[in-house]
Amino acid sequence: MAQKPSIPKGTRDFTPDEMVRRNYIFDSIKEVFQRYGYMPIETPAMENLDTLLGKYGDEGDKLLFKILNSGDFLNKADDGLLAQKDSNRLTGQISEKGLRYDLTVPFARFVVQHQNELSFPFKRYQIQPVWRADRPQKGRYREFFQCDVDVIGSDSLFNEVELIQIVDEVFRNLGIRVVIKLNNRKVLAGIAEIIGEASRLTDITVAIDKLEKIGLEKVNVELSEKGLTDDAIAKLQPILSLSGSNSGKLDQLAHIFASSELGTKGVEELREVLTIVESLDVETGVELDLTLARGLNYYTGAIFEVKALDMQIGSITGGGRYDDLTGIFGLKNVSGVGISFGADRIFDVMNQLELYPPEVTTTTQLMFVNFGPKEGAHCLKIASQLRKEGLKVEVYPDSAKMKKQMTYANKKNIAFVALVGEEEMNAGTVTLKNMESGEQSAMKVEDIIRTFTE
RNA sequence: GUGAUUGUAGCUCAGUCGGUUAGAGCGCCAGAUUGUGGCUCUGGAGGCCGCCGGUUCGAAUCCGGUCUUUCACCCCA
């Protein structure tokens, strides 16, 4: 007896029904990317482990899927480490490759390797799965697709603006109501500087990132536990309780940052981006959010996050500017900025809110009922003719019972069925039946084409 | 990774105190209906009760482990 098949934790299968919906999402996103001049690339599912390690922080390193070396991998392993069961150190000896954790780091590697073939600024998009050994939850998978757009080799804030326009267009096209949250790492660094804890930037950002979720008091407790002085925490309070419009917040921040060069720079950048965005026809709300931190530690400037307004789920898109990701791979002074659309979360939102336009789920427009070998062969010819006109047509392959064929068309949501039996063959006509209204009439092939293409 | 939680037919779920042959609705297949689907009626198929082990005369039910699901933390798309 065969064992019951299963798939690994946190992964999922997609049925044809789900794939048409997913492809609609991918196509919508791709179409916007292309309209802004981004070109596609792909990179391997696996990367060398040293390309990936150390780019996502300690937590990220733990979440990397590592691939066991081929062959007798234990042969080369150190006996001492083996005996001690020291997994951490042993890993380096038995695994040299890992599954990619995101698309940004492989992209940086790609840019460095291909720097002489590329012209900068280089704009690319990339839609591929990534893997994280996270514990799965709703909206959190171990394998999921990211749709990344990045510009590299340009410092201009126009790029940040363009990414906001892209986010706006993508979600408007898909019909998802969202808010774009914007912040800047320089502002966060400025805050750390001002309160006299410049070296604790990560601890501070991780803590204030939770402000909305756990409240001010608990954030302060956490900051204190992380070892911040009471004085520093006290200095932080007015910043955390900033409120009002984006420009109002920026004005207050500018004042606070009077003595911080870095913070001032961050405020200026935010102000410029927001000012330009306001002059364009961006409909999505862009909200300055000082508590937005983002864990990936390669960000250095603007950081973005997009939240769905009508569904409780983690952020569905996120990104930011990284000034020196390529530096690690030997290409200095190349700044990039990009964002990543989380296709699987977008898929979950679209499903929950049922945002698909009706035509997305229609595949076949017209199905020919098969009355027998002779009639079927005749239908095949008409079907080819219709396909040349761009119609999506199928001929039922077996001369099964009428009821079975009709039921098939029904299930597949096919709007029209064509009946061509001996009578129609002799008359040179096709009986076209509307499956919704039940109406049917005999017509010539040209009439059918006209019905569908008008 | 830490702490909880879930698993019974293709799907959603009942299943009493441990007790004979594990049920329902939906779906599926067939017939009523030979070239006309959806509605109705009739009949049928489909289950290692997640998996492994233990307790017991006897386990879907109790116990342990494991896998999976969902949730919180952590982190994130």
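In what follows, chains carry the letters A, B, and so on, assigned in the order in which the sequence lines appear, proteins first and then strands, with residues in each chain numbered from 1. Scope of the values below: all heavy atoms of this structure, side chains included, with no hydrogens, waters or symmetry mates.
With both ends at atom C1', the span from U36(B) to G44(B) equals 25 Å, rounded to whole Å. Annotation: U12(B) and C28(B) have their C1' atoms spaced 16 Å apart (nearest Å). One P atom belongs to G65(B), the other to U2(B), and the distance between them is 14 Å to the nearest Å. Atom P of A32(B) sits at a distance of 45 Å from the matching atom of U69(B), rounded to the whole Å. If you take atom C1' in G23(B) and the same atom in U40(B), they sit 25 Å apart, rounded to whole Å. Comparing the P positions of C52(B) and U61(B) gives a spacing of 13 Å, expressed to the nearest Å. Taking the P atoms as reference points, U56(B) lies 23 Å from C51(B), given to the whole Å. For the P atoms, the distance from G46(B) to G10(B) is 11 Å, rounded to whole Å.
Residues forming a side chain to side chain contact (heavy atoms under 4.5 Å, CB included) with T431(A) (at least two apart in sequence, or on another chain): L419(A), E424(A), Q440(A), A442(A). Taking E283(A) as the reference, D168(A), R172(A) meet the side chain to side chain contact (heavy atoms under 4.5 Å, CB included) condition, with sequence neighbours excluded. Annotation: side chain to side chain contact (heavy atoms under 4.5 Å, CB included) contacts of A383(A) (sequence neighbours excluded): F368(A), R387(A), V393(A), V395(A). Considering only residues two or more places apart in sequence or on other chains, F158(A) meets the side chain to side chain contact (heavy atoms under 4.5 Å, CB included) condition with S156(A), I276(A).
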Sub-3.5 Å pairs of nitrogen or oxygen atoms, protein against nucleotides 69-71 of chain B:
residue : atom : partner : partner atom : Å
U69(B)  : OP1  : G10(A)  : N            : 3.3
C71(B)  : OP2  : K138(A) : N            : 2.2

Measure all distances between protein nitrogen or oxygen atoms and nitrogen or oxygen atoms of nucleotides 36-39 of chain B, and list the pairs falling under 3.5 Å.
residue : atom : partner : partner atom : Å
U36(B)  : O2   : K433(A) : NZ           : 3.0
U36(B)  : O2   : Q440(A) : OE1          : 3.4
U36(B)  : N3   : Q440(A) : OE1          : 2.8
U36(B)  : N3   : Q440(A) : NE2          : 3.3
U36(B)  : O4   : Q440(A) : NE2          : 2.7
G37(B)  : O2'  : N410(A) : ND2          : 3.2
G37(B)  : O6   : K433(A) : NZ           : 3.4
G37(B)  : N1   : M435(A) : O            : 2.2
G37(B)  : N2   : N410(A) : OD1          : 2.6
G37(B)  : N2   : M435(A) : O            : 2.6
G37(B)  : N3   : N410(A) : OD1          : 3.2
G38(B)  : O4'  : N410(A) : ND2          : 3.2
G38(B)  : N2   : E436(A) : O            : 3.4

Under 3.5 Å, which donor-acceptor pairs do the side chains of residues 334-344 of chain A form with other protein atoms, sequence neighbours left out?
residue : atom : partner : partner atom : Å
S335(A) : OG   : R321(A) : NH1          : 2.7
S335(A) : OG   : D323(A) : OD1          : 2.7
S340(A) : OG   : D148(A) : OD1          : 2.7
D344(A) : OD1  : F145(A) : N            : 2.6
D344(A) : OD2  : R12(A)  : NH2          : 3.0
D344(A) : OD2  : R22(A)  : NH1          : 3.2
D344(A) : OD2  : R22(A)  : NH2          : 3.3

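In this structure, CG of D17(A) is placed 16 Å from P of C11(B), rounded to the nearest angstrom. For the pair I214(A) CD1 and C75(B) C1', the computed distance is 14 Å after rounding to whole Å. K66(A) has its NZ atom 11 Å from the P atom of G1(B), to the nearest Å. For E59(A) and G1(B), the CD to P distance is 12 Å, given to the nearest whole Å. Note: OH (Y408(A)) to C1' (C28(B)) measures 17 Å, nearest angstrom. Put simply, CD1 on I313(A) is 16 Å from C1' on C75(B), counting in whole angstrom units. Note: CZ (R132(A)) to P (C76(B)) measures 8 Å, nearest angstrom. Summarising the geometry, the separation between OH on Y298(A) and P on C76(B) is reported as 10 Å, rounded to the nearest angstrom.
Across all strands, V369(A) comes closer than 4.0 Å to no nucleic acid atom at all (heavy-atom distances). Here E375(A) lies out of heavy-atom contact (under 4.0 Å) with every strand. Heavy atoms of K210(A) sit under 4.0 angstrom from primed sugar atoms or phosphate atoms, though from no base atom.
Using a 4.5 Å heavy-atom threshold, the side chains of Y125(A) and D150(A) count as separate. With a 4.5 Å cut-off on side-chain heavy atoms, N434(A) and F416(A) count as touching.
A cation-pi arrangement, defined by a distance under 6.0 Å to the six-membered ring centre and an angle within 45 degrees of its axis, is absent between R132(A) and F144(A).
Of the two residues contacting RNA chain B, namely D134(A) and E423(A), the nearest-nucleotide position lying further toward the 5' end is that of E423(A). When each of K404(A) and V306(A) is assigned the nucleotide of RNA chain B bearing its nearest heavy atom, the one mapping closer to the 5' terminus is K404(A).
Residue-nucleotide stacking is present for F144(A) and A77(B), judged by a side-chain ring centre under 5.5 Å from the six-membered base ring centre and planes under 30° apart.
Applying the salt bridge (Lys or Arg N to Asp or Glu O under 4.0 Å) test to every pair with at least one member in residues 432-448 of chain A, sequence neighbours left out, gives these pairs: D447(A)-R450(A). Applying the side chain to side chain donor-acceptor pair (under 3.5 Å) rule to pairs touching residues 45-54 of chain A yields E47(A)-R109(A), sequence neighbours excluded. Listed by first and then second residue, the side chain to side chain donor-acceptor pair (under 3.5 Å) pairs that reach into residues 364-383 of chain A are T364(A)-E394(A), sequence neighbours excluded. The salt bridge (Lys or Arg N to Asp or Glu O under 4.0 Å) analysis of residues 201-222 of chain A, with sequence neighbours excluded, yields the pairs K181(A)-E212(A), R200(A)-D203(A), K210(A)-E222(A), E222(A)-K226(A).
Under a cut-off of 6.0 angstrom, the local environment of CE in M39(A) is sparse, with at most 12 non-hydrogen atoms contributed by other residues, nucleotides or ligands.
Base-pairing analysis of RNA chain B finds the following stems of at least three consecutive Watson-Crick or G-U pairs, with both pairing distances under 3.5 Å: B:1-4 with B:70-73, B:10-13 with B:23-26, B:28-32 with B:40-44, B:50-54 with B:62-66.
At least one side-chain nitrogen or oxygen of K411(A) sits closer than 4.0 Å to the OP1 or OP2 atom of C28(B).
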